[in-house]
Amino acid sequence: MPELPEVETLARQLHKLLAGAVFARAEVLWPRSIALPDAAEFARQAPGLRIEGVGRRGKFIVFGLSGGRHLLIHLRMSGQVRVEPPGTAPDGHARVVFDLEDGRRLIFSDTRKFGRMYLTSDMGAVAGKLGAEPLAEDFALADLRALLVRRKGALKPLLLRQDLLAGLGNIYADEALFAARLHPQRKADTLTPGEVRRLYTAIRQVLAQAIAGRGTTLRDARYRDAEGRPGEFQERLCVYQRHGEPCVRCGTPIERIVVSQRGTHYCPHCQS
DNA sequence: CTAGGTGCCTGATTGC
DNA sequence: TGCAATCAGGCACCTA
């Protein structure tokens, strides 16, 4: 599933491919893919909007458009965004198809139909509740400590909360906890200063390495970059979906448990 | 405030 | 073999 590293990879590619391009037409094939405004209004407003640049906030792809407007895309589970040559026929899972003035097509495909698009003049109304960017230069150790202090809940559900920390999903939460040698069910308010530091370093390192590997594409997942290529980071996953396989650090079999309704993978020997 | 449950979806996997 | 039930996942939304 696309998380911060996949969305970052995609956003960088889309920026290179699309900065300066202008939407000529938008066709909505699955109306519920449009969260804002409604599908008909979306198709009416898109033509003529110029793409100034493409970036990322949390797991949202953010298109900066002419007139101070923004197009935000959340891929959720199975969303893909691809730039295709003129005349490319949309695949069977295409939900929104944009024609650009230069003839190219921007195709949003989404097998499970969970992905959402927002076209708005008020980006804050869509992405305003997101928490800190873990890779931002000004995200400091003290900021992570502030997120954890006085929280009695388990560590992993906290890491998944987008209003605290924006961008971590199930894969990278598990990988970061392994790298920090912390049990997913450790209570957040019991961490020592040294453990908070380990977690801080682990989160930033795992995310940066995953971006360097252009994201994770699992066997059953559909993540592809803007050119349709899979990522490479799946080859460096230490725990995610590796239950039963030996821990890369100590050889103990990786275990899978369920923590607040999510499959959770960890090494019972290394992580406490 | 946090914790837990449900709905949204489809394709892969499991169970009989 | 074939079909049905279950599972996976992020997030909005609901109740306790």
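The chains referred to below are lettered A, B, ... by the order of the sequence lines, with proteins before strands, and numbering in each begins at 1.
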Classify the ring geometry of A:Phe60 against A:Tyr118: parallel below 30°, tilted from 30° to 60°, perpendicular beyond 60°. perpendicular
Strictly distance-based, threshold 3.5 Å: is any side-chain N or O of A:Gln234 a donor or acceptor partner for the main-chain N or O of A:Thr217? yes
Can you tell me if CZ on A:Arg198 sees more than 12 non-hydrogen neighbours from other groups inside 6.0 Å? yes
If the cut-off is 4.0 Å, is A:His93 near the phosphate of B:dG11, judged by side-chain N/O to OP1 or OP2? yes
Just to be sure I understand the rule, does A:Arg32 reach a base, reach only the sugar-phosphate, or reach nothing, if contact means heavy atoms closer than 4.0 Å? sugar-phosphate
Report the distance from atom NE2 of A:His243 to atom C1' of C:dC7, rounded to the nearest whole Å. 12 Å
Those residues of residues 149-158 of chain A lying under 4.0 Å from DNA chain B by at least one heavy atom: A:Arg151, A:Gly153
Spacing of A:Leu147 atom CG relative to B:dT2 atom P, expressed in whole Å: 12 Å
Here's one to test your reading of the geometry: is the NZ or CZ of A:Arg249 within 45 degrees of the ring axis of A:Phe178 and under 6.0 Å from its centre? yes
Spell out protein contact along nucleotides 9-16 of chain C as letters: B when the base is contacted, S when just the sugar-phosphate is, - when no protein heavy atom is under 4.0 Å; keep the 5' to 3' order. BBB-----
Residue pairs meeting side-chain hydrogen bond (donor to acceptor under 3.5 Å, both in side chains), one or both in residues 145-154 of chain A, sequence neighbours left out, come to none
The residue among A:Lys156, A:Arg262, A:Arg256 that forms salt bridge (charged side-chain N to carboxylate O under 4.0 Å, His left out) with A:Asp174 is A:Lys156
Does any donor atom in the side chain of A:Asp91 or A:Ser109 lie under 3.5 Å from an acceptor atom in the other side chain? yes
What orientation do A:His243 and A:His265 show, parallel under 30°, tilted 30 to 60°, or perpendicular over 60°? tilted
